[in-house]
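Everything below concerns the one structure shown next.
Naming convention: chains lettered A, B, ... in sequence-line order (proteins, then strands); numbering from 1 in each chain.
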Amino acid sequence: MLDPKLIRQDLAATAAKLKHRGVTLDIPRLNSLEEQRKTLQTRLQDLQNDRNVRSKAIGQAKAKGENVDPLFQELKELNDSLKLTEEQFTQIQTELNDLLARIPNIPHESVPIGKSEADNQIIRTWGEPRKFDFTPKDHVDLGEKIGMDFPTATKIAGARFVVLRGTLAKLQRALVQFMLDLHTTEHGYQEIYVPYMANSESLFGTGQLPNLKEDLFAINNDAGFYLIPTSEVSVTNTVRDEILESDQLPIKYVCHSPCFRSEAGSYGKDTRGMIRNHQFEKVELIHIVHPDKSYEAHEEITRHAEKVLQLLELPYRVLSLCTADLGFAAAKTYDLEVWLPSQNCYREISSCSNTEAFQSRRMKARYRDPETGKPELVHTLNGSGLAVGRTLVAILENYQDEKGRIKIPLALQKYIQADYV
RNA sequence: GGAGAGAUGGCUGAGUGGUUGAAAGCGACGGUCUUGAAAACCGUUGAGUCUUUACGGGCUCCGGGGGUUCGAAUCCCUCUCUCUCCGCCA
């Protein structure tokens, strides 16, 4: 959520910045709603004040044993107009809030302006794509021979699921273990385990609701749970409605979880293999930081995700997403893209975003400023470190030999006692 | 699943219709005292929001939502959560 003050006081400039994201604000409507809100709220509060004062007077008069009947009559009339004003105010306020809740974050000034993903900016490239003296197979061809089973997954659940058996299942587990160990021992994260279902307040807090509801799996029960599309939802919401002491910051969590995405709207896209499944494993990095430190933290979290790829010796590049490609909550995002030989291109394997106060405002996640003693919004960041399913894909494809065997990366050999899968 | 008890400020905990945003204690902060510290004493100490250049003033909030009433932390309905006992169970 944007600061409502921007809508009130700086609407034109805000609209101009959002225009780069391809979002057009309905300025006349916002202005009109805001004007009505102000009028109604002032009127409502005056009426409430009037009611409070008079009601107190009744209490005092009664205590003295005076006749209070005339006072009753006045208040009954006042209450009628109060009720009416209250209804009008609530309606306008709801309308305005619904509108505000659907406005995405404002891109940071360092974000490249662009019209599509083609305008994303390459920040750096690491490693050299391997030269093959044979035609590299894709992860599906490689995987099917060693325990990657799509037909069985389809039977159990449907399309966009996978069954992994034997060493392949173990390889995925080794990747999780490796990433968690790296981030907890080398990068100073605290490991955290969280629910894989979340309520709508949490999904609203991180920005998946109301706009991105289509991407979620809803649980069909009274509690109104959703399966988490990323543990960012659960982990970031640990600080929802909290006022943290400033010495608690920064908070750095690492969390392994499955992620569930409906992939509505991506029909026909990456239908083959493990690239885009309804369920996948991810190790997520979360920072809760002082607002002055969030861009520093953004570089740090990105480096931490990169480190995983470096240790696995997987070639990758870092992109700064342009204004048109930014996610709803993000002010700035670096995507990490890993080299996939079968596709002869780089594919997203991590996304590291600074949401600034966008999520914390929705969540009321604050820290106490030691100078003023006042609560202020924290900044929140999230980054995949990494998407485990896609890392598995990258390893299969980059570490294959001519016979279709997969060499185990050096960094994983302490987790998996084999040279090859 | 059955029976019961609860949910109040950073914490403990009073408050069952009328100057109660809320006693008291603890904690925290500031001050006095002290060479310094402790103790003691005095004072301050919730959040959100609206309005205002500012000073200030107002409104809302006692788990969430709804209702009764001139007036609700207090009464009613409902939901959520917590605790105790029983049953079941990874």
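- A:N105 places a side-chain N or O within 3.5 Å of a backbone atom of A:A329 that can act as its donor or acceptor partner.
- When rounded to the nearest whole Å, the span between CG of A:D369 and P of B:A47 equals 12 Å.
- Between B:U32 and B:A38, the two P atoms lie 14 Å apart (nearest whole Å).
- Nearer to the 5' terminus of RNA chain B, by closest-nucleotide assignment, is the contact made by A:V53 (compared with the other of A:L75 and A:V53).
- Set against B:U51, B:G21, B:C70, the side chain of A:N79 has B:C70 as its closest nucleotide.
- Listed candidates were B:U49, B:U51, B:A47. Nearest to the side chain of A:K38 is B:U51.
- Residues A:M179 and A:H256 form no side-chain contact, since every pair of their non-hydrogen atoms from C-beta on lies 4.5 Å or further apart.
- When both distances must be under 3.5 Å, the Watson-Crick or G-U wobble mate of B:C55 does not exist.
- Put simply, CG on A:N199 is 19 Å from P on B:G63, counting in whole angstrom units.
- You'll find that the side chain of A:T42 is closest to B:C50, out of B:C50, B:C59, B:U60.
- When distances are taken from the side chain of A:Q41 to each of B:G71, B:G48, B:C50, the shortest belongs to B:C50.
- Judged by Watson-Crick or G-U wobble contacts below 3.5 Å, the nucleotide B:U34 has no partner.
- Atom C1' of B:G64 sits at a distance of 15 Å from the matching atom of B:A73, rounded to the whole Å.
- Searching all strands for a Watson-Crick or G-U wobble partner of B:A22 with both distances below 3.5 Å returns nothing.
- Across the protein-nucleic acid pair, A:Q36 atom CD and B:C50 atom P stand 17 Å apart, rounded to whole Å.
- Figure legend. B:C85 is base-paired to B:G2; pairs are counted as Watson-Crick or G-U wobble with both atom distances under 3.5 Å.
- In the set B:U60, B:C70, B:U51, B:C70 carries the atom at the smallest distance from any side-chain atom of A:S55.
- Pair check for B:A72 finds none; no Watson-Crick or G-U wobble contact set falls under 3.5 Å.
- In this structure, A:K56 places its NZ atom 18 Å from P of B:C70, rounding to the nearest Å.
- The base-pairing partner of B:U80, taking Watson-Crick or G-U wobble contacts with both distances under 3.5 Å, is B:A7.
- A 3.5 Å limit on both hydrogen-bonding distances identifies no Watson-Crick or G-U partner for B:A90.
- With a cut-off of 3.5 Å on both pairing distances, the Watson-Crick or G-U wobble partner of B:G27 is B:U45.
- Ranking B:U51, B:U60, B:G21 by closeness to the A:N52 side chain, first place goes to B:U60.
- B:G63 and B:U80 have their C1' atoms separated by 8 Å, with the value rounded to a whole Å.
- Each of B:G18, B:U60, B:A47 was ranked by its minimum atom distance to the side chain of A:R51; first place goes to B:U60.
- In this structure, the nucleotide among B:A47, B:U60, B:C70 sitting nearest to the side chain of A:Q48 is B:U60.
- OP1 or OP2 of B:U51 lies within a sub-4.0 Å distance of a side-chain N or O belonging to A:R37.
- For the pair A:Y226/A:K213, a side-chain contact is recorded, criterion being any heavy-atom separation below 4.5 Å from C-beta on.
- Here the closest heavy-atom approach between residue A:S110 and residue A:K332 is recorded as OG-NZ, 2.8 Å.
- When the P atom is used for both B:G9 and B:G15, the distance is 16 Å, rounded to whole Å.
- Atom-to-atom, CD of A:E245 to P of B:C11 comes out at 12 Å; the value is rounded to the nearest Å.
- In this structure, the side chain of A:R368 does not engage the main chain of A:E245 through any donor-acceptor pair within 3.5 Å.
- Of the P atoms belonging to B:U68 and B:C61, the separation is 16 Å, rounded to the nearest Å.
- Between B:C59 and B:G71, the distance separating the two P atoms is 15 Å to the nearest Å.
- Regarding A:I7, its CD1 atom lies at a distance of 17 Å from the C1' atom of B:U49, rounded to whole Å.
- The 5' end of RNA chain B is approached more closely, in terms of each residue's nearest nucleotide, by A:E376 than by the other of A:E376 and A:D50.
- Counting only heavy atoms from C-beta outward, the side chains of A:I106 and A:L6 approach each other to under 4.5 Å.
- On the C1' atoms, B:U12 is 15 Å away from B:A28, given to the nearest whole Å.
- Rounded to whole angstrom, the span from the CG atom of A:L40 across to the P atom of B:U49 amounts to 20 Å.
- When atom types are taken as modelled, the side chain of A:R240 and the backbone of A:T206 share no donor-acceptor pair closer than 3.5 angstrom.
- For the C1' atom pair drawn from B:C79 and B:U84, the interatomic distance equals 22 Å after rounding to whole Å.
- For the pair A:L82 CG and B:C70 P, the interatomic distance rounds to 13 Å; values are reported in whole Å.
- Counting any heavy atom pair closer than 4.0 Å across all strands shown, A:R368 reaches sugar-phosphate atoms only and no base atom.
- Side chain of A:H379 to backbone of A:H290: no donor-acceptor contact under 3.5 angstrom is found.
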